[in-house]
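Below: one structure, written as structure tokens.
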Amino acid sequence: MTATDIDSTAPARERQQVYQVIHRIPAGRLCSYGTVAAMAGLPGRARWVGRLLGQLPDDSLLPWFRVINSQGKISFPEGTENYRRQLDKLVEEGSAEPSGRIFWRRCRWPD
DNA sequence: CTCCTGACTCCAC
DNA sequence: TGTGGAGCCAGGA
């Protein structure tokens with residue numbers, strides 16, 4: 001293992017930590033980017049988590065849609081494809097209404 | 001409730 | 001090597 005290898009393996013480990021946390025979010029519950037980052041042992045790196053989720057494959061089994069911003073809103077511009085996909089999922093689980101209203105306070109995780 | 005600001009990190013040019 | 005934008009956050013008006 002050379003010094004340059006460390007640079008590529010360390011972030012990979014941090015990614016797994018983040019995936020692990022998101023995988024732990026129960027159905028019908030919600031979590032913020034900042035909280036996910038903190039629980040993964042990466043405080044202050046909420047934006048990095050957001051960037052990470054943006055790179056997830058379309059067929060990922062990870063419940064990425066249960067992650068929203070700290071204001072209880074979907075971070076995509078309203079009307080975009082991603083916004084729709086995420087909202088539909090949340091509606092399916094009963095944590096949001098088709099109108100776009102999200103039950104952030106009620107579904108927040110962990111309590 | 002909404003809009004604005006300052007602070008912080010990561011990545012693509 | 002420097003700079004600016006991004007799926008953020010907290011606080012205040």
Side-chain angles (χ1 to χ4, degrees):
Chain A
M1 235 249 218
T2 67
T4 51
D5 289 331
I6 299 176
D7 290 328
S8 55
T9 52
R13 218 177 76 86
E14 296 177 350
R15 278 204 304 275
Q16 294 302 331
Q17 291 279 23
V18 172
Y19 297 152
Q20 196 70 31
V21 170
I22 295 177
H23 198 263
R24 278 173 50 196
I25 304 177
R29 305 300 295 277
L30 304 170
C31 196
S32 79
Y33 293 97
T35 303
V36 169
M39 292 179 72
L42 307 168
R45 296 168 71 175
R47 303 193 80 152
W48 183 74
V49 171
R51 205 169 274 277
L52 198 61
L53 297 193
Q55 298 173 339
L56 281 178
D58 210 40
D59 59 349
S60 173
L61 300 178
L62 212 62
W64 56 270
F65 46 85
R66 295 181 192 143
V67 184
I68 60 182
N69 63 32
S70 69
Q71 303 159 59
K73 290 182 179 175
I74 293 176
S75 289
F76 298 114
E78 196 171 343
T80 61
E81 187 64 26
N82 282 333
Y83 178 92
R84 244 314 147 200
R85 284 226 310 267
Q86 182 165 16
L87 181 59
D88 284 345
K89 284 295 194 178
L90 296 185
V91 171
E92 260 181 53
E93 299 188 344
S95 45
E97 289 178 344
S99 65
R101 173 178 167 80
I102 298 176
F103 306 124
W104 171 230
R105 225 175 20 180
R106 201 185 67 193
C107 301
R108 194 176 206 167
W109 179 87
D111 283 87

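Each chain gets a letter, A, B and so on, in the order its sequence line appears, and its residues count up from 1.
Pair check for C/dG7 finds none; no Watson-Crick or G-U wobble contact set falls under 3.5 Å. Using N1 to N3 plus N6-O4 or O6-N4 for Watson-Crick, or N1-O2 and O6-N3 for G-U wobble, each under 3.5 Å, B/dC8 pairs with nothing. Base pairing analysis places B/dC1 opposite nothing; no Watson-Crick or G-U wobble pair with both distances below 3.5 Å involves it.
For the pair A/Leu42 CG and C/dC9 P, the interatomic distance rounds to 14 Å; values are reported in whole Å. Between the CH2 atom of A/Trp104 and the C1' atom of C/dC8 there is a distance of 12 Å, given to the nearest Å. Atom CD1 of A/Ile22 and atom C1' of C/dG7 are 12 Å apart (whole Å). Rounded to whole Å, the distance from CG on A/Leu52 to P on C/dA6 is 18 Å. One can place CD of A/Gln71 at 10 Å from P of B/dT2, the figure rounded to the nearest angstrom. One interatomic measurement links the two molecules: CG of A/Asn69 to C1' of C/dA10, which rounds to 12 Å at whole-angstrom precision. The distance between atom CG of A/Leu53 and atom P of B/dC11, rounded to the nearest whole Å, is 14 Å. Nucleotide C/dG7 holds its C1' atom 4 Å from the OH atom of A/Tyr33, rounded to whole Å.
Side chain of A/Arg29 to main chain of A/Cys107: a donor-acceptor pair is present (N/O by atom type, distance under 3.5 Å, no hydrogens or angles). A donor-acceptor distance shorter than 3.5 angstrom exists from the side chain of A/Gln86 to the backbone of A/Val67, with no hydrogens or angles considered.
The side chain of A/Trp64 has C/dG7 as its nearest neighbour among C/dG7, C/dA6, C/dA10. Picking from C/dG7, C/dA10, C/dC8 the nucleotide with the shortest atom distance to the side chain of A/Arg47 gives C/dC8.
Between C/dC8 and A/Ser32, no contact under 4.0 Å exists linking OP1 or OP2 to a side-chain N or O. Listed pair A/Trp48 / C/dC8 fails the phosphate criterion, with no side-chain N or O lying under 4.0 Å from OP1 or OP2. In this model, the phosphate group of B/dT2 is approached by a side-chain N or O of A/Lys73 to a distance below 4.0 Å at OP1 or OP2.
Backbone-only engagement by A/Gly44 is indicated by non-hydrogen atom pairs under 4.0 Å involving sugar-phosphate atoms exclusively. Nucleic acid contact for A/Arg45: sugar-phosphate only, since backbone atoms but no base atoms lie under 4.0 Å from a heavy atom of the residue.
Taking CD1 of A/Ile74 as the reference point, atom OG1 of A/Thr80 lies at 8.5 Å (rounded to 0.5 Å). One finds the CZ atom of A/Arg108 at 13.0 Å from the CD1 atom of A/Ile102 (value rounded to the nearest 0.5 Å).
Heavy-atom nearest nucleotides on DNA chain B were determined for A/Gln55 and for A/Pro43, and the one closer to the 5' end corresponds to A/Pro43.
Taking both residues in full, the closest heavy atoms of A/Trp109 and A/Cys31 are given as O-SG, 3.4 Å, listed atom of the first, atom of the second, then distance.
When the C1' atom is used for both B/dT5 and C/dC8, the distance is 14 Å, rounded to whole Å. Between B/dA7 and C/dA6, the distance separating the two C1' atoms is 15 Å to the nearest Å.
Residues A/Thr35 and A/Val21 have side chains not in contact (no heavy-atom distance under 4.5 Å, counting atoms from C-beta outward).
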